[in-house]
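The block underneath contains the structure these notes are about, expressed in structure tokens.
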Amino acid sequence: MSISKTHPRYISLKTREKIADGVKKGITSAHGLIAHGRGEAFDYLIGERTSKQAKKAIERAAKSLLKAKNPVISVNGNAAALVAKELVELSKAIPAKLEVNIFHSSKQRELKIKNYLIKNGAKDVLLPGNVKIKYLDSNRKYVNKEGIYKADVIFIPLEDGDRTEALIKNKKKVIVVDLNEMSRSAKKATITIVDNITRAVPLLIKAVKGLKKYN
Ligand code: PTJ
């Protein structure tokens with residue numbers, strides 16, 4: 001679909017197009033469309049801009065990721081559709097591992113997300129393995145031994161809240177991006193960035209690169 005740049009809702013419509021395209025490519029689940037709609041509604045209410053509090057949280061997140069011994073970026077179907085290239089850039093800037101972790105179980109989609117990240121410049125992408133994190137029943141409990149399992153800081157650009165809660169109980173620091181500040185992820189995370197991942201991730205890259213330059 002071609003969207004005119006003069007359309008007042010150009011950015012929002014383009015973002016929608018990316019999610020729809022993610023479903024067509026088989027990297028985003030159909031449920032991802034609903035999650036995106038929820039996010040859009042919250043974004044509309046906050047004026048579709050990054051707040052001062054979010055900018056502060058992004059700075060704290062950058063510091064925490066740079067201080068971590070084993071930082072990992074967890075990627076699901078929505079994050080891959082919206083910010084694959086940026087997540088790869090972030091992983092290289094920190095550096096941090098990239099690990100695919102999805103809620104709606106599908107081995108095929110996990111592989112597609114991995115390949116999509118590689119197409120967007122990633123060298124190595126971890127997939128869930130046989131080890132499990134405690135206190136979680138969903139598909140997200142299966143993690144990679146070299147990734148989330150031994151991570152001390154995990155960056156999660158949007159998800160459902162039960163894993164955030166479980167990861168915290170597993171003594172990990174969790175950084176989330178979620179437009180809904182009332183969500184369980186937002187309430188339970190170590191650092192919560194209430195912003196759209198399409199704005200927050202580029203700002204996080206900038207913050208990480210800025211801190212590395214002066215330290
Ligand atoms: O690929 P999968 O199987 O792992 O599935 C991914 C989704 C996102 C479908 C899954 O994790 C899910 O169902 O999530 P929820 O419980 O719907 O939560 C998604 C949260 O992300 C909601 O609080 C939304 O408001 C928020 N959200 C949606 N889009 C964005 C967002 N937050 C930041 N930026 C967005 N673009």
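Note that ligands are numbered from 1 as they come in the structure, with each ligand's atoms numbered from 1 the same way.
I27 and L82 fall within the same hydrophobic cluster, where Ile, Leu, Val, Met, Phe, Trp and Tyr residues are linked whenever their side-chain heavy atoms come under 4.5 Å apart, directly or through other members.
Which parts of ligand 1 touch R140 is read off a 4.0 Å heavy-atom cut-off, strictly below it: atoms 4 (O), 11 (O). Ligand 1 places these atoms under 4.0 Å from at least one heavy atom of N180: 23 (O), 25 (O). Close contacts between ligand 1 and D195 involve ligand atoms 33 (C), 34 (N) [criterion: under 4.0 Å to a heavy atom]. Atoms of ligand 1 lying under 4.0 Å from at least one heavy atom of G32, given by number and element, are 9 (C). Heavy-atom contacts of F103 reach the following atoms of ligand 1: 2 (P), 3 (O), 4 (O) (cutoff under 4.0 Å). Those atoms of ligand 1 with a heavy atom of G77 less than 4.0 angstrom away are 1 (O).
Checked by atom type, the side-chain pair N101/S74 shows no donor-acceptor distance below 3.5 Å. In this structure, a donor-acceptor pair under 3.5 Å is absent between the side chains of T192 and E181.
When N76, V176, V83 are ranked by how near their heavy atoms come to atom 6 (C) of ligand 1, first place goes to N76. When the heavy atoms of G39, S185, A79, S74 are ranked by distance to atom 27 (N) of ligand 1, first place goes to G39. Comparing D178, V194, L179, I102 against atom 24 (C) of ligand 1, the shortest heavy-atom distance belongs to D178. Distances from atom 28 (C) of ligand 1 to the heavy atoms of A35, G161, G22 show the closest one on A35.
Backbone and side-chain nitrogen or oxygen atoms of N196 are examined, and one is located within less than 3.5 angstrom of a nitrogen or oxygen of ligand 1. In terms of N/O distances under 3.5 Å, ligand 1 is not approached by S29. Remark: ligand 1 and I197 share an N or O pair separated by less than 3.5 Å (distance only, no angle test). Ligand 1 has a nitrogen or oxygen under 3.5 angstrom from a nitrogen or oxygen of H104. At under 3.5 Å, not a single nitrogen or oxygen of S183, backbone or side chain, sits near a nitrogen or oxygen of ligand 1.
The two residues L179 and R199 make their nearest non-hydrogen contact at CD2-NH2, 4.4 Å. Of all the heavy atoms in E146 and K97, the pair that sits closest is O-NZ, 2.9 Å.
Interatomic distance, I193 CD1 to L158 CG, rounded to the nearest 0.5 Å: 12.0 Å.
Residue contacts with ligand 1 include R109, since one or more of its heavy atoms lies under 4.0 Å from the ligand.
For atom 18 (O) of ligand 1, the closest non-hydrogen atom on the protein side is E159 O, 3.2 Å.
At a heavy-atom distance under 4.0 Å, only side-chain atoms of L82, from C-beta outward, approach ligand 1. Contacts between E40 and ligand 1, counted as non-hydrogen atom pairs separated by less than 4.0 Å, are absent for every part of the residue.
For the side chain to side chain contact (heavy atoms under 4.5 Å, CB included) with I191, the lone residue among I175, V176, V177, L65 that qualifies is I175.
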